[in-house]
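The next block holds one structure in the form of structure tokens; read it before the comments.
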Amino acid sequence: MFRRLLEALRTHAYAVDFVVFPLLAVALIALDCRSLAWCGWAASGVLLFTFAEYWVHRTALHGLFFHSQHERHHTHPAEYVTFPLWFTPALFAGFYLIMPVPIFAGFIVGYVWFLVWHHVLHHVDLTRWPRFVQRYALWHLRHHREDDCNFGITIPVWDVVFRTYRR
Ligand SMILES: [Zn+2]
Ligand SMILES: [Zn+2]
């Protein structure tokens, strides 16, 4: 029974994050957000996520860890390539231990933004969407062809800062 549950979770790991993390973000905001300052700290958590996204993508996925999995994503972008089941919960549990709640909540909002946008990028036909959305999408799709640029997925800020931005 337990093994079967684990197997189901593993095969649905891609979808699990789309349920767990938005719920977690909403729960944290509903339970803990009591002031404008809280929202400010949460916004800095979103920014922190975009920075982590940039560096994890650039250094870990393109070099140190899960490189073959990430290569697979580059060559087969529509496939549901996932990390091992333990990885994301362990990573976020670690962040929870070291981050104040509002920053952690913002960090999760950033992750949800990444999840949804990256899914749209590779699974939704954007040809009829506004041009600015298409331009936003092309920026990551260029990274799939040229893997030395455009490491950010949510925002291009860190690519500009660290000079890896390519139009
Ligand atoms: Zn991608
Ligand atoms: Zn990549």
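The first residue of the sequence shown is numbered 1, and numbering continues consecutively from there.
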Notebook entry, point to check: Does the side chain of Glu53 come within less than 4.5 Å of Ile155's, by heavy atoms?
Noted result: no

Check: Can any side-chain N or O of Gln134 pair as donor or acceptor with the backbone N or O of Leu126 at less than 3.5 Å?
Finding: yes

Item checked: Residue pair Pro100 / Trp41, side-chain heavy-atom distance below 4.5 Å -> no

Next item on the list: Assess the pair Phe151 and Phe162: is the distance between their ring centroids shorter than 6.0 Å?
Entry: no

Item checked: CG-CD1 distance between Asp32 and Ile29, expressed to the nearest 0.5 angstrom -> 10.0 Å

Next item on the list: Return each pair, listed once, that meets salt bridge (Lys or Arg N to Asp or Glu O under 4.0 Å) where at least one residue sits in residues 87-111; pairs must be two or more places apart or across chains.
Entry: none

Next item on the list: Would you confirm whether Arg34, through its side chain, and Leu31, through its main-chain N or O, come within 3.5 Å as a donor-acceptor pair?
Entry: yes

Notebook entry, point to check: What about Tyr136 and Trp117, are their ring centers closer than 6.0 Å?
Noted result: yes

Notebook entry, point to check: For the rings on Tyr80 and His122, is their centre-to-centre separation under 6.0 Å?
Noted result: no

Checklist line | Closest heavy-atom pair and its distance - Pro22, Val112 | finding: N-CG2, 3.7 Å

Margin query: Using the rule ring-ring contact (aromatic ring centres under 6.0 Å, His included), only one of Phe87, Phe21, Phe49 pairs with Phe92; which is it?
Written below: Phe21

Check: Where the side chain of His123 meets the backbone of Ala78, is there a donor-acceptor pair that is under 3.5 Å apart?
Finding: yes

Next item on the list: Report yes or no: does His119 contribute a side-chain atom to a donor-acceptor pair with the main-chain N or O of Leu115 at less than 3.5 Å?
Entry: no

Checklist line | Side-chain donor-acceptor pair present, Trp158, Thr50, cut-off under 3.5 Å | finding: yes

Item checked: Atom pair CG/OG1 of Asp147 and Thr164 - distance to nearest 0.5 Å -> 12.0 Å

Item checked: Check: Glu71 main-chain N/O paired with Thr75 side-chain donor or acceptor under 3.5 Å -> yes

Notebook entry, point to check: Does the side chain to side chain donor-acceptor pair (under 3.5 Å) test come out yes or no for His118 and His73, once each step is laid out?
Noted result: CA-CA 11 Å; His118 195 237; His73 170 62; 3.0 Å; yes

Notebook entry, point to check: Would a line drawn from the ring center of Phe107 to the ring center of Phe95 be shorter than 6.0 Å?
Noted result: yes

Check: Just by distance, do the side chain of Arg142 and the backbone of Arg167 share a donor-acceptor pair under 3.5 Å?
Finding: yes

Next item on the list: Could you state whether Ile108 and Val19 fall into the same hydrophobic cluster, counting links through intermediate Ile, Leu, Val, Met, Phe, Trp or Tyr residues with side-chain heavy atoms under 4.5 angstrom apart?
Entry: no

Note to self: Minimum heavy-atom separation for Trp38 and Ala105, please, with both atom names.
What the structure shows: CH2-CB, 3.6 Å

Check: Is there a side-chain contact between Ile153 and Trp113, using heavy atoms and a 4.5 Å cut-off?
Finding: no

Checklist line | In one Ile/Leu/Val/Met/Phe/Trp/Tyr side-chain cluster, 4.5 Å: Val26, Val16 | finding: no

Item checked: Flag, side chain of Asn150 to backbone of His140, donor-acceptor distance under 3.5 Å -> no

Check: How about Val101 and Leu28: do any of their side-chain heavy atoms sit closer than 4.5 Å?
Finding: yes

Next item on the list: Examine Tyr96 and Val109 and state if one hydrophobic cluster contains both, with Ile, Leu, Val, Met, Phe, Trp and Tyr joined whenever side-chain heavy atoms are less than 4.5 Å apart.
Entry: yes

Notebook entry, point to check: Heavy atoms, side chains only, cut-off 4.5 Å: are Cys33 and Cys39 in contact?
Noted result: yes

Margin query: Hydrophobic clustering (ILVMFWY, side-chain heavy atoms < 4.5 Å, transitive) - are Leu138 and Val116 grouped together?
Written below: no

Note to self: Does Ile98, at its CD1 atom, have more than 12 non-hydrogen atoms belonging to other residues, nucleotides or ligands within less than 6.0 Å?
What the structure shows: yes

Item checked: Leu97 reachable from Leu48 in the ILVMFWY side-chain graph, under 4.5 Å edges -> no

Note to self: Give me the atom names and distance for the closest heavy-atom approach of Thr88 to Tyr111.
What the structure shows: CG2-OH, 3.6 Å

Notebook entry, point to check: Distance from Asp159 atom CG to Arg166 atom CZ, nearest 0.5 Å?
Noted result: 10.0 Å

Margin query: Ring centroids only, cut at 6.0 angstrom: are His143 and His62 within range, meaning strictly under it?
Written below: yes

